[in-house]
2 protein chains.
Amino acid sequence: MANQTLVRHVNERRLLTVLRVEGARPRAALARRLSLTRAAVTSMIDDLLKRGLVREIASPQDPIPGKRDVGRPGIDVGLNPGGAHFLGVEIGVGAVRFALFDLSAEVVDTEAVPLPEAPSPADVVSLVARKLADLRSKKLCRETVRAVGVTVPGLVRSDGYVINLPILGWKKLNLARMLDQELDVPCYVENNANAAAFGEIYSSPRPNDAVVVYLKLGTGCGGAVIINDRLLRGADGLGTEFGHIHIESDGPLCSCGQRGCLETFVNLKALQRYFTREEVDEFHVDLRLPGKIAVLLTKQDPEARKAVDELSAHLAKGLINITNIFNPSEIVLGGAMLPILAEVCEAMKQPLRRGIIPGMTVPTLTVSRLGEFECAIGAAATAHHEEFDLSNLDLST
Amino acid sequence: MANQTLVRHVNERRLLTVLRVEGARPRAALARRLSLTRAAVTSMIDDLLKRGLVREIASPQDPIPGKRDVGRPGIDVGLNPGGAHFLGVEIGVGAVRFALFDLSAEVVDTEAVPLPEAPSPADVVSLVARKLADLRSKKLCRETVRAVGVTVPGLVRSDGYVINLPILGWKKLNLARMLDQELDVPCYVENNANAAAFGEIYSSPRPNDAVVVYLKLGTGCGGAVIINDRLLRGADGLGTEFGHIHIESDGPLCSCGQRGCLETFVNLKALQRYFTREEVDEFHVDLRLPGKIAVLLTKQDPEARKAVDELSAHLAKGLINITNIFNPSEIVLGGAMLPILAEVCEAMKQPLRRGIIPGMTVPTLTVSRLGEFECAIGAAATAHHEEFDLSNLDLST
DNA sequence: AATTAATTTGTATACTAACCAAACATAATT
DNA sequence: AATTATGTTTGGTTAGTATACAAATTAATT
C-alpha cells in the first residue's frame, strides 16, 4: 500500500541511514541533506526522540575557537546507540557465534558457543531464544532488541526458507517462520556467505553503481554478489555459488558430480594437499592450517609459499571468469583462510589484471575486515537493515 | 525528494502498470487490486482521463447472458492506446530499425532504413530526429510521442553514456545527452542485448523471483540478465558480456586477446566454418546463413545438422557455466541466428540438464518471440518503462 | 407484475498525515 | 545594533482514508 505514511516511512529511514553512515548533525543540516524543510525534520526528530532512537548531543564547548559559523548554533542530533539492538547468529560448523549490534551498527558483544552434535532445528531455535532471554536479563539491552538475523551454511530463499543445509542434514524448512513464532521479534535467515558480504559493505556503503563480489574461502568456496546494496540471488537461491565454476578440464571429483570445479581446488583440504603433497582424509582437515601457513610465510618457508601460490593460481582462474561476467568494482575475500588471504590477494593481482577483458577496470582485491565473527556480524547487519534501511519497501503492483 | 506527490506518483504508475499488464476493469476492481479506496481511484482516473492516458470503455452489452453479478455494473477503464507513443531505435550493423509503441505497449509501426557508411553520432541523432518529425506529421501520433529509446551494439552505462561502440568507432560519448538536447522528449540509450532482453520480458512480466538470462547470437555473442525486472550491469557497464566466458583451453584468437572464449565458437562466422569446413574471411560472413541452414535442416541435410550440433555443443558449455552462476529460471535465445535457434535449444537441453549443479531447477530454454525488430522493440519498451513504470524512483538517501 | 431488499459502483464530504512556505523567536557572530 | 543561521509555529496543499449516499443492477417478496 502506498498512502501518506509511506512518505514518513521513507523519510524516517533516509534520516536514520544518514545519521548512521554520516554521523550526528543539527536538524537544519539534516533538512539540507535530505531536501526537506526544517519543519519536517523537527517533526520527525520529535517522534524519534520520543521513541528513544535518537538523542540530542551537547555540542563540545567551542572545540576549535574562532572556527564557528555565524548564526545560532544548532544542536547535534545523533543515533541513540542503546535505543535498539540487533542480534546476529551464525550457525557454523560445530559452533554458534553471536554478535550484538547497537542502533549505530557497532558490535557491542560477541560470544561463541559449541553447537551440539546433529542439532534439530528446534534445538537451534531454543539456543537463540536462550541467548535472547539472557541478553534481556542484562542491563545492556532490556527492552531494546528489535530483530534477529540468523545465518546458515546452506541454501536459503530470500524469505528465510531453508532449501538445503547439508552439514546439518536439514531440508525444506521454514526456519524464519519457526524463529518468528518462538521469539516475539522479527527474524531473518540468510546464507552465510551472503550475510558476510552484506556485513562487509554495511558499515562502509559503496557508491551506487558499485558491484561487490565476495568469496568465502574455508571448507568450501561460497560466494555472494552485491549490486546497489542488494544481494543477488538465483531462482532457487542457488545463484552465486561460485564453487562450481569450471576452471580445469580435469581434477578431483566434486560433490556435484563433475570434475574441474573451483571448489575442489580452493578449500582447506586442497590447501593441506598443496602443503603436505599428500592426499587428505575428509576427517583430518586441519582447521588451523591457514594460521600455521601464515606464520611459516613470515619465515620465508618455501613449502608454505608453494601451497599459497598453487591455491592462488587456481583461484585466479575462477576470479577471471567471475570478473568477466560481473565486471565488479571490488572483490573481497573472507572465510576460514583469513590468515593467508592477504598473500593470496597479492599473488592474484597480476594474473587477474592480465586475464580480464581489455578495457574493463581491474577490480580492487581486498580481505574482509570483519574477522572470525563476520557471518554473525553480517546476520546482525541483515536484521539492522531490514528494520532501519529502505529495503522491505515493495512498491511493485 | 519524498513528499506527498511521491504517493500519487507511485500509485499512478502502479495503476497504469496493472491496466497494461492485466487489462481494463472498473474503478472498484482497480481499488481492490491496488489496496486503495474507490475514492482514491476515482480521483486518479479523473486526472488520467483529462490527460488522455486512459478511457472509459463501454461494456459489451451482456456478452454472456445471466453471468452478470448483482449490484450496479462498473464501467471498464482501460489504457487509451493512442494517448502516448514511444519510439524505439536500433542502431544496427548497416541498418537502423524503428519500432513505435503505443501506450498499451503494442507495436503499431516498424521501419528499417540503411545506415550510412561510418556515421557520426550527429548523423544518427538527426536520423532519429527526422523519423520523429515524420511520425508527428502523420495523424497517428501528432503530439503523443513521450520518449525515445535507442540501442547500440556496444558498452553503455546506465545513464546512457556510450563507453565504447567498436563497429562505429565511437568512444566516450554522451549519446543520451546529445539526443536529449536535440529531441524535446526524454531519450534513453541502452545496449542492444540488454534492450532485447528487456523487450522480451516487458510484455509478459515474470514472477518476482524470476531470473532471466538472455543471449543474443549473431556476429557476436552478447548477453543480458534480468532479475526483478531490472537489468544487471557491471561497474563499467561491461557485466554479462557472456562472449568472453572461457569454455575451452584452446581455440581461435578472440578480439579480447585470449583463446577459448565462447564468442569465438558461437557466432555467425563460426557457424559458417562448421558448415563449410573452411576458414572464413571476416568480410565474407553470410548474414543469411542461419536461414539457409534452417531450410536444409527441414530436408535432413547432414552438413546442416552437423553445423548446428557443433555450435550447440559449444554454446551448451557456456550455458552450463552461466546457469551455475546465475541459477536462472529461464534462458532466452535471440539474435541473427533466429532461424536455427529452435534446433539449437533442442540440442542443448540434454547437456544442460546433465551439466548443472544437482538440485538446481533446470531453466527453461526458449527462443525470443520478438523477431527481427527485437532490439528496436526493446528500445521502445525501455522508453515506455522509464516513463510509465516504477523505475526512476531513487529513494536512497 | 410491482415492490422491496440486497448488493455493488462511483462520487461527495469530512477528516487526517505529512509535507511546504513563511513568519518568528532564539542565539550566536560581526 | 545588524546580520545570520537554527529551531518552532502557523497556515496551506496534496493525497490519502472513512463514511455516507445516490445510482444501477439482481434477487426476493408481496
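We name chains A, B, ... by the order of the sequence lines, and we start the count at 1 in each one.
Taking the side chain of B/Thr37 as heavy atoms from C-beta on, and the options D/dT17, C/dC19, C/dG10, the nearest nucleotide is D/dT17. Of the listed nucleotides (D/dG16, C/dT8, D/dG7), D/dG7 has the atom at the smallest distance from the side chain of A/Arg27. Between D/dA15, D/dA24, C/dG10, one nucleotide has an atom nearer to the side chain of B/Pro26 than all others, and that is C/dG10. Side-chain proximity of A/Val70 to the nucleotides D/dG16, D/dA5, C/dC19 is greatest for D/dA5. Here D/dA15 is the nucleotide among D/dG16, D/dA15, D/dG7 with the atom lying nearest to any side-chain atom of B/Thr5. Closest contact between the side chain of A/Ala40 and the listed nucleotides C/dC20, D/dA24, D/dT26 involves C/dC20.
OP1 or OP2 of C/dT11 lies within a sub-4.0 Å distance of a side-chain N or O belonging to B/Thr42. For B/Asn11 and D/dG16, the shortest distance from a side-chain N or O to OP1 or OP2 is below 4.0 Å.
Taking atom CG of A/Leu6 as the reference point, atom P of D/dG16 lies 10 Å away to the nearest angstrom. A/Arg72 places its CZ atom 8 Å from the C1' atom of C/dA25, with the value rounded to the nearest Å. Atoms CD1 (A/Ile45) and P (D/dT8) sit 10 Å apart, rounded to a whole Å. Atom C1' of nucleotide C/dA18 and atom CE of A/Met44 are separated by 10 Å, given to the nearest angstrom. When rounded to the nearest whole Å, the span between CD of B/Gln4 and P of C/dC20 equals 7 Å. Between the C1' atom of D/dG16 and the CG atom of B/Leu34 lies a distance of 13 Å, rounded to the nearest Å. Per the geometry, CZ belonging to B/Arg14 stands 15 Å off P belonging to D/dA15, to the nearest Å. Across the protein-nucleic acid pair, B/Leu30 atom CG and C/dT11 atom P stand 12 Å apart, rounded to whole Å.
At a threshold of 4.0 angstrom between heavy atoms, the contacts of B/Ala39 include nucleobase atoms, whether or not backbone atoms are also involved. Residue contacts shown for B/Arg25 are absent, as no nucleic acid heavy atom lies under 4.0 Å away.
There is a side-chain donor-acceptor pair under 3.5 Å between B/Tyr202 and B/Asp389. Looking only at atom types and distance, the side chain of B/Arg8 has a donor-acceptor partner in the side chain of B/Ser43 under 3.5 Å away. A/Ser35 and A/Arg33 are not linked by any side-chain donor-acceptor pair at a separation below 3.5 angstrom, with hydrogens and angles left out of the test.
Side-chain N or O atoms of A/His85 include none that pairs as donor or acceptor with a backbone N or O of A/Arg146 at under 3.5 Å.
In terms of position on DNA chain C, the residue among A/Gly71 and A/Glu12 whose nearest nucleotide sits closer to the 5' end is A/Glu12.
Residue-environment remark: CZ (A/Arg136) exceeds the threshold of 12 foreign heavy atoms within 6.0 Å.
Between the base of D/dG7 and the side chain of A/Arg38 there is a donor-acceptor pair shorter than 3.5 Å.
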